[in-house]
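If you read the sequence from its start, that first residue is 1, and numbering goes on from there. All heavy atoms count here, side chains included; hydrogens, waters and symmetry mates do not.
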Amino acid sequence: MMSECLLSIDTSTPAGSIAVSRGDQLLGELLVNSPATHTDRLLLSMERLLQDVAIDLGEIDAFAVAVGPGSFTGLRVGVATAKGLALATGKPVIGVSSLQSLAAQIPFCRYPVCAMMDARKKEVYGGLYRWEGGLPALQGREVVLPPEKMLEQLDGEVLFVGNGSAVYRTMIVRRLGQRAHFAPWCLDLPRASTLSTLALSAYRNGRTLSALELLPTYIRPSEAELTLTRA
C-alpha cells in the first residue's frame with residue numbers, strides 16, 4: 001500500500017508556502033516571502049509544485065492547512081483554498097495551529113519553545129511548547145498579548161522562534177538576558193513542510209475534518225467585529 005500523500009498550505013504570514021509529501025518523505029516545497037498577496041500566487045504556485053513533483057491532484061489523500069493564528073486575510077485565503085480542494089476532490093482536511101507548526105521547527109529542544117508571531121498593533125500571537133512524545137505540546141493556551149505581558153509569563157530559559165521574536169528581539173534580550181535563546185533566522189518563517197509532519201500524525205490518528213468543519217482560528221476579533229462591538 002502506498003503511503004499517504006498530503007498537500008500542505010501555510011498562508012498565516014506574508015511568507016506563504018506549499019508542500020507535497022508522501023508518508024515520511026517530502027516530495028517538494030515552495031516558499032515565497034514577498035509583498036504579493038497569497039490570492040495572487042497560491043493557486044499558481046500549487047499548480048507549479050504539483051507539476052514539478054509529478055503528482056496529480058487526485059492522488060492527494062488529504063489537504064493540510066495552517067488555521068491560525070496569523071494574518072486574517074492570509075488565513076482566509078489558505079483555509080478557503082483547502083476547503084475548496086477538499087470539496088472538489090471529496091478528500092478530508094487537517095487544520096494545524098500556526099504556532100505549533102513554528103514550534104515544530106525546533107525538534108527535541110531541551111528548552112521550552114516560545115512560538116511568537118507579530119500580530120501588529122504592538123501585540124504578538126504566542127504559545128509555549130514542550131516536546132512530548134515526538135511532538136510539540138502546548139503549555140497553557142495560545143494568546144494574543146503585548147510582548148512585554150507575554151514575557152512576564154515566562155520562567156527559566158526559553159528558545160524563541162517566529163517573526164515576532166525577531167521584531168521584539170531587543171525587548172526580549174533586555175528583559176530575559178541570558179535566559180533567552182533564539183532560533184536561526186531562517187526558521188522564523190513558517191514552512192508547509194513542517195506543518196505536514198504534524199498533519200501526517202493527525203491523519204494517521206484519524207484527526208481529520210470535512211471541508212465544512214474546517215474553520216480559521218483568529219484568537220483576536222477582526223476590525224469588523226470590533227466596530228460592531230463599539231457601535
Side-chain angles (χ1 to χ4, degrees), residues 6-21 26 28-34 36-43 45-46 49 60-86 91-107 113-120 124-129 135-138 141-144 161-166 183 186-203 207-211 213-220 222:
L6 304 182
L7 190 152
S8 301
I9 302 168
D10 192 316
T11 54
S12 57
T13 73
S17 61
I18 309 167
V20 177
S21 58
L26 176 65
E29 180 178 27
L30 182 60
L31 185 153
V32 179
N33 186 18
S34 80
T37 66
H38 296 300
T39 305
D40 294 335
R41 64 177 186 246
L42 181 57
L43 291 178
S45 297
M46 187 181 306
L49 181 60
I60 302 296
D61 293 302
F63 300 95
V65 63
V67 294
S71 159
F72 284 20
T73 301
L75 293 175
R76 283 194 289 267
V77 171
V79 169
T81 300
K83 288 167 77 79
L85 292 168
K91 301 297 176 61
V93 289
I94 303 160
V96 177
S97 160
S98 311
L99 293 172
Q100 186 188 27
S101 184
L102 268 177
Q105 297 191 161
I106 317 294
V113 176
C114 181
M116 183 182 287
M117 298 170 64
D118 184 15
R120 307 291 178 88
V124 293
Y125 298 116
L128 190 68
Y129 292 83
L135 295 171
L138 180 63
R141 60 190 182 90
E142 296 179 344
V143 296
V144 56
V161 64
N163 63 0
S165 65
C186 59
L187 298 181
D188 284 334
L189 299 179
R191 280 173 163 73
S193 55
T194 306
L195 185 148
S196 68
T197 65
L198 300 174
L200 179 61
S201 174
Y203 184 85
R207 298 196 304 274
T208 63
L209 301 170
S210 70
E213 293 173 313
L214 181 69
L215 296 171
T217 303
Y218 295 128
I219 297 184
R220 183 169 67 190
S222 67

For residues T217 and L75, report the shortest heavy-atom separation together with the two atoms involved.
-> O-CD1, 4.1 Å
Carefully, step by step, assess V67 and L214 under the rule side-chain contact (heavy atoms from CB on, under 4.5 Å).
-> CA-CA 8 Å; V67 294; L214 181 69; 3.7 Å; yes
Roughly how far, to the nearest 0.5 Å, is the CG atom of L195 from the OG atom of S17?
-> 7.5 Å
When rounded to the nearest 0.5 Å, the distance separating CZ of F72 from CD1 of I219 is 9.0 Å
What is the distance from atom OG of S71 to atom CZ of R120, rounded to the nearest 0.5 Å?
-> 8.0 Å
Can you list the residues that meet the side-chain contact (heavy atoms from CB on, under 4.5 Å) rule with S97, with sequence neighbours excluded?
-> L99, Q100, Y129, E142
Pairwise side-chain contact, S201 with R207, heavy-atom cut-off 4.5 Å (strictly under) = yes
Here the pair of heavy atoms bringing P69 nearest to S98 is O-OG, 3.0 Å
Result for side-chain contact (heavy atoms from CB on, under 4.5 Å) between N163 and one of D118, N33, L102 points to D118
Among all residues two or more places apart in sequence or in another chain, which pass the side-chain contact (heavy atoms from CB on, under 4.5 Å) test with A211?
-> K83, A86, L87
At what distance, to the nearest 0.5 angstrom, does CG of L6 lie from OH of Y203?
-> 7.5 Å
Nearest 0.5 Å, what's the NE2-CD1 distance between H38 and I9?
-> 11.0 Å
Does the side chain of P136 come within less than 4.5 Å of I106's, by heavy atoms?
-> no
Quick one: closest heavy-atom pair of S165 and V161, and the distance?
-> OG-C, 3.6 Å
Which residues share a side-chain contact (heavy atoms from CB on, under 4.5 Å) with L49, sequence neighbours left out = I18, V20, V53
R191 CZ to L26 CG distance, which is reported to the nearest 0.5 Å | 11.0 Å
Looking only at heavy atoms, the pair that brings I94 and A202 closest together is CG2-CB, 3.8 Å
Please report the closest heavy-atom contact between P190 and D10, naming both atoms and the distance.
-> CB-OD2, 3.5 Å
Minimum heavy-atom separation for S101 to V96, with atom names?
-> CB-CG1, 4.4 Å
